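Here's the structure we're looking at; comments come further down.
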Amino acid sequence: MAPGLSDDVKYLKGVGPSRAAGLAQRGILCVEDLLYYLPFRYEDRTRFSKIREIQPGGTYTILAEVVSGGLVRFARGRNAIYHLAVRDAGPVQPGLLHCRFFHGGYLEGKLKAGQRLVLHGKADIDPYRPVRIEMINPQMEVLSGEGAADSTEVGRIVPIYEAIGGMGSRVLRRVIYGALENLDPALPDPLPKSMLERLRLPSKRDAIVHAHFPPLEEKLDALNEFRSQAQQRLILEEFFYFQIGLALQRQRTQQEMGVAFRVREDRIREAVKRVLPFKPTAAQKRVLGEIATDMERAAPMHRLLQGDVGSGKTIVALEAATIAIENGYQAALMAPTEILAVQHFLSARRVFARAGYRVELLISGLPAAAKKAARDRVASGMAQFIVGTHAVIEEAVKFARLGLVIVDEQHRFGVMQRKQLIEKGVGREKGQPHPDLLVMTATPIPRTLSLTIYGDLDVSVIDELPPGRTPIETRITAENFLPGVWDFVRSEVARGRQAYVIYPVIEESKQELKAATAEYERLSKQVWPKLRVGLLHGRMRSEQKEDMMERFRKGEIQILVSTTVIEVGVDVPNATVMVVEHAERFGLAQLHQLRGRIGRGSEKSHCILVAPRKPTEEAKLRLDTMAETTDGFKIAEMDLELRGPGEFFGTRQHGELGFQVANPLRDKELLGLARREAFALVENPKQDDEVRRLVAHLGPKWQRRYQLARVG
Ligand code: ADP
Ligand code: MG
């Protein structure tokens, strides 16, 4: 019996236990998983180029044969370079092609004269012998046998796979070919029939087969751009399942009992106005309106508040909290770091001072007795607004009457984590209403992608900055100009401003990075002996951190030497200068967050990025992007392009964006389509059976891939 789709890959011909273990590391466990491991590229091997047709600059696929004495090694060991001379396979033809392989040790012993190869690569002029054309490190496939090659290798459009689980492209091709030969001719298709027909999608079976071994008439370009029908169907399918999961989650929250807050009474309107120290921007007004409407409804709010750093999200969140508190409920704000929790605590205390609300701080740095007292006040309902780190609030804190949870998450949490936070973390008791949820995120996320990661939330966007901000000027400079930079900092401080100097690490390490502590010593003693310089880093105790931030905020400290602990949320409008050393080491999102600490007042702000003269190509792109724009959306898009979605969201380890076939960036349109289809299906009561069938089919897959554990 040939192994079925859900059988372990190790039962496939050509995959033993050790290869199976390698595949498992990449999340490929069963035969079906392997069949959804698609080629990253295709080669048209129905017709090969002849060596004499090759022009410099072009990319070619050649069916070649090693000439006698064709493989020559230059130099030994790690720097070995191999030269390989080949001619067209078959009847002797004019022309030799020279290839150079760096690190070509693996070629040794493999390439006897007459061996047939498929070479694919770009042709260039040999720099040492300008009359000669060569290929450098072409992709090479050694063909089996001497005579007619295997039908999977030539004479068709051939799939090229990225090596995985100790298997190269050629081995993978064979294994997959074998599995496809045994594929059930009547393979069931889990997509709803009506959808298949309406969108004219190929069946699951055809799609899988053709995505690996495309029919002859398929266009090579379409395949290489993942636009063939077969590929599109598989991509759509993957997005569709994920979106069904989100739609079900959303439906479940909609059915939960929330709190129907009163928001329209004059008393409440007055209270909200009272906490606002300034005239709100139009965007803030609109967003608060959206939040208030949600809060008024009995179903729990599930809303994402997006806005660039400094756009005034926090104050909107505090207004929402005012509504909850005026209704007799508690509101909690969870921050990703202690330092940010402390910042939020201090600003909440200022903002709520006039209203007389009791604000409580819950962080692990508190002494045990103080922590216990704080918890007691939370449990008794004495505390009305509770600020803390996620970790602390999660630890079985009992709330007397929790009505609103604000999560400041900087997209550190995914769909599932957030859900757990709310359900278990916030100590929701049986029979109590589900609190409203407002998630704030500072890094603007391109809309299509927010659909994947925040797909179960409604979205509000603050798309304008408070008035009176002057744009930040950003310059890139090299280390040898630092003395001038320090002079500039001194002159700004003399004008009454404050400055940050940021380093990527704390202690001096083996690398040549300057460390915050060492540089603090040097800067405070030698560069600015007469100025008040402070040090802040993540390894300080929380009271020390708190104390340092408070002194900086009050202006007692003029220059703060720090690490990225100040990255989020720190709000000192008088700080107008930021120097970032080793700026090439920081990611774009991080630089944007850091820079968001300045430019918060009406004075002109300056950001100086110190980097090597010749940073890597990618670092240069990052730095140039920072110098060119302060628009968070542009920066986020560039960041996403440079890092790809997995890294960008930092959620690869959670498997949350564990798409196998789909790529949310490349396949934006299909993502939108999948979302519309999935939500329409889930929201249509007539389709309940269809949804139930899908859930039964998908349960285990969701659990494993997306951790949408308790859907449906
Ligand atoms: P975010 O949380 O989005 O980063 P904040 O809420 O911290 O932004 O606001 C940034 C700064 O702008 C704060 O100093 C805040 O007091 C100020 N601010 C917010 N809204 C306004 C407004 N409408 N008018 C003037 N200043 C504002
Ligand atoms: Mg509500």
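Order of appearance sets the numbers: ligands from 1, and atoms from 1 within every ligand. Remember, it's a predicted structure, so these values are computed and weren't measured experimentally.
Arg303 pairs with exactly one of Asp294, Val287, Val459, Val439 by the side chain to side chain contact (heavy atoms under 4.5 Å, CB included) rule, that one being Asp294.
Ring centers of Tyr503 and Tyr520: at least 6.0 Å apart, outside the cut-off. Ring centers of Phe488 and His606: under 6.0 Å apart, within the cut-off.
Proximity of Asp308 to ligand 1 is established by a heavy-atom distance of less than 4.0 Å. Under the 4.0 angstrom criterion for non-hydrogen atoms, Gly307 is not in contact with ligand 1.
Any N or O atom pair closer than 3.5 Å counts here, and Pro573 shares no such pair with ligand 1.
Listed by number with element, the atoms of ligand 1 under 4.0 angstrom from any heavy atom of Thr281 are 23 (N). Which parts of ligand 1 touch Ile315 is read off a 4.0 Å heavy-atom cut-off, strictly below it: atoms 6 (O). Applying the 4.0 Å criterion to heavy atoms of Pro466 picks out, from ligand 1, the atoms 18 (N), 19 (C), 20 (N), 21 (C), 22 (C), 24 (N), 25 (C), 26 (N), 27 (C).
For the residue pair Glu290/Ser460, the side-chain donor-acceptor check at 3.5 Å is satisfied. Looking only at atom types and distance, the side chain of Arg297 has a donor-acceptor partner in the side chain of Gln254 under 3.5 Å away.
In this comparison of Gln593, Lys313, Gln284, the heavy atom closest to atom 1 (P) of ligand 1 sits on Lys313.
For Lys279, every heavy-atom contact with ligand 1 shorter than 4.0 Å involves the backbone, none the side chain. With a 4.0 Å heavy-atom cut-off, ligand 1 is reached by the backbone of Pro280 but not by any atom from C-beta on.
Note: Trp528 and Trp486 have perpendicular aromatic rings, judged against thresholds of 30 and 60 degrees for the angle between ring planes.
Using a 4.0 Å cut-off between charged side-chain N and carboxylate O, Glu270 and Arg267 make no salt bridge.
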